[in-house]
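Fair warning: this is a prediction, and the values are worked out from it, not measured in the lab.
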Amino acid sequence: MTGCSSTKPENDLVLGGPDGPVRLDHFLHRCFPEISIQQWKKVLANGLVRVNGSQARKGTILTIADSVTLPERLPAALLPGPPLPDPSAQPTIIFADDELLILDKPAGIHTHPLSRSERGTLANWLMSYDPSLAGIGFSPLQPGLVNRLDRDTSGLILVARSGASWEKYRRLFAGKLVTKIYLGIVHGILASPTTVDLPLIHHPGRQEMMTADIPATFNGRQFPAATTIEPLVRTEKTTTVRLTMTTGVTHQLRVHAAAIGHPLVGDLLYGSPETAEPDRKTGRLLLHAHQLLLPDDRTFTAPIEWPAA
């Protein structure tokens, strides 16, 4: 089946995977299976979808690396209901007021479901904790969520508790005004701080991956990405690092760490054949969203204790 992959913001999709070409309405149905092809045809007829920056029609044919942009909010008539309430995710609440909810997501759970029948995600927990979040955000399946984390990454998630709050913080993230600081442990000895400024593309052959290895003949969309990686603690075989970014490309930190020869410990997707195995002590990817620095000078922190070397 033709691949569908996305980068932040969540309304930007790119055709990935080995198959293609594919009709645009079929591609969108595969990305959002809860929305029928007939419903997507109505959206396309209204001119609400763009391909490579231009208004698209239902008969548009996509090829690999074509970029599809949806409206900031999908039409309400298309959308499923909110996630089913399920308190099993158990995040730590870092901060809460009438505007924001800041959570520390555990590793090993998805941020939100892909269909309404799915349970066990952070979004399911949110609907159990605060049902009034229903309808806030890009899609009902992402209630209030302003940012996302990979399944195996732990740490800070920002949740907006009103539509106005969601719009405000999405603009800040989109404008690169929120600084995101992660902690991780990488393979090898990182001797000094380094800045990795490598754009990313969707991997031509593996839809679940991004890559910084861009062929000279590539003419699709490239996503600018820059990461500063600073060594904190070194052992004989690993380095605890601080990773700072203002961009928010999918898998950015994992790809950049691997690109300089220091893949994250426990990274099954981007590690080398010698390192692509779960961390032996925790069984997880050692990457944690540690701090969010907002432009109003507020800093939110999710502490973590890494396993002893």
Handout entry: ring-ring contact (aromatic ring centres under 6.0 Å, His included) partners for Y129, two or more places apart
Key = W125

Problem - Residue H110 excluded, over 12 heavy atoms near NE2 under 6.0 Å - result: no

Problem - Neighbour count >12 (heavy atoms, 6.0 Å) for atom CG, N46 - result: yes

Problem - Partner set under side-chain hydrogen bond (donor to acceptor under 3.5 Å, both in side chains) for K176, not counting sequence neighbours - result: none

Problem - Exercise: do T195 and D197 side chains pair donor with acceptor under 3.5 Å - result: no

Problem - T111 (side chain) donor-acceptor with R148 (main chain) under 3.5 angstrom - result: no

Fill in the blank from the handout: The side-chain hydrogen bond (donor to acceptor under 3.5 Å, both in side chains) partners of S67 (sequence neighbours excluded) come to D12, R221

Handout entry: Check: A191 main-chain N/O paired with R234 side-chain donor or acceptor under 3.5 Å
Key = yes

Exercise for the section: Find the distance between CD1 (I181) and OG1 (T301) and round it off to the nearest 0.5 Å. Expected result: 8.0 Å

Problem - Single-linkage hydrophobic cluster, 4.5 Å side-chain cutoff, V265 and V233 together - result: yes

Problem - D25 side-chain N/O to W40 backbone N/O, donor-acceptor pair under 3.5 Å - result: no

Handout entry: V51 with I201, same ILVMFWY side-chain cluster at under 4.5 Å
Key = no

Exercise for the section: Give a yes or no on whether the backbone of R298 and the side-chain of D296 come within a donor-acceptor separation of less than 3.5 Å. Expected result: yes

Exercise for the section: Could you go through the side-chain hydrogen bond (donor to acceptor under 3.5 Å, both in side chains) check for S162 and S165 one step at a time? Expected result: CA-CA 5 Å; S162 70; S165 176; 4.6 Å; no

Problem - Electrostatic pair D97-R161, nearest N-O below 4.0 angstrom - result: no

Practice task
Any chance you could measure T194, atom OG1, to H262, atom NE2, to the nearest 0.5 Å?
Solution key: 8.5 Å

Exercise for the section: Answer yes or no: is there a donor N or O on one side and an acceptor on the other, between the side chain of D104 and the main chain of I93, under 3.5 Å? Expected result: no

Would you be so kind as to tabulate the donor-acceptor pairs closer than 3.5 Å made by side chains of residues 152-159, with sequence neighbours excluded?
unit_1, atom_1, unit_2, atom_2, d
S154, OG, R284, NH1, 3.2
S154, OG, R284, NH2, 3.0
S154, OG, H288, ND1, 2.7

Exercise for the section: Nearest 0.5 Å please: distance from the CD1 atom of I102 over to the OG1 atom of T92. Expected result: 13.5 Å

Completion exercise
Taken in chain and number order and not counting sequence neighbours, the residues that satisfy salt bridge (Lys or Arg N to Asp or Glu O under 4.0 Å) with R50 are none

Practice task
Determine, using the 4.5 Å side-chain heavy-atom cutoff (strictly less than), whether L190 and L198 are members of one ILVMFWY cluster.
Solution key: yes

Completion exercise
One should read off an interatomic distance between M210 CE and H203 NE2, to the nearest 0.5 angstrom, of 11.0 Å

Exercise for the section: Would you check if there is a donor-acceptor pair between the side chains of D213 and T211 at a distance under 3.5 Å? Expected result: no

Problem - Nearest-0.5 Å distance, CG of residue L292 to CG of residue L100 - result: 10.0 Å

Handout entry: Contacts of type ring-ring contact (aromatic ring centres under 6.0 Å, His included), residue Y169, not counting sequence neighbours
Key = none

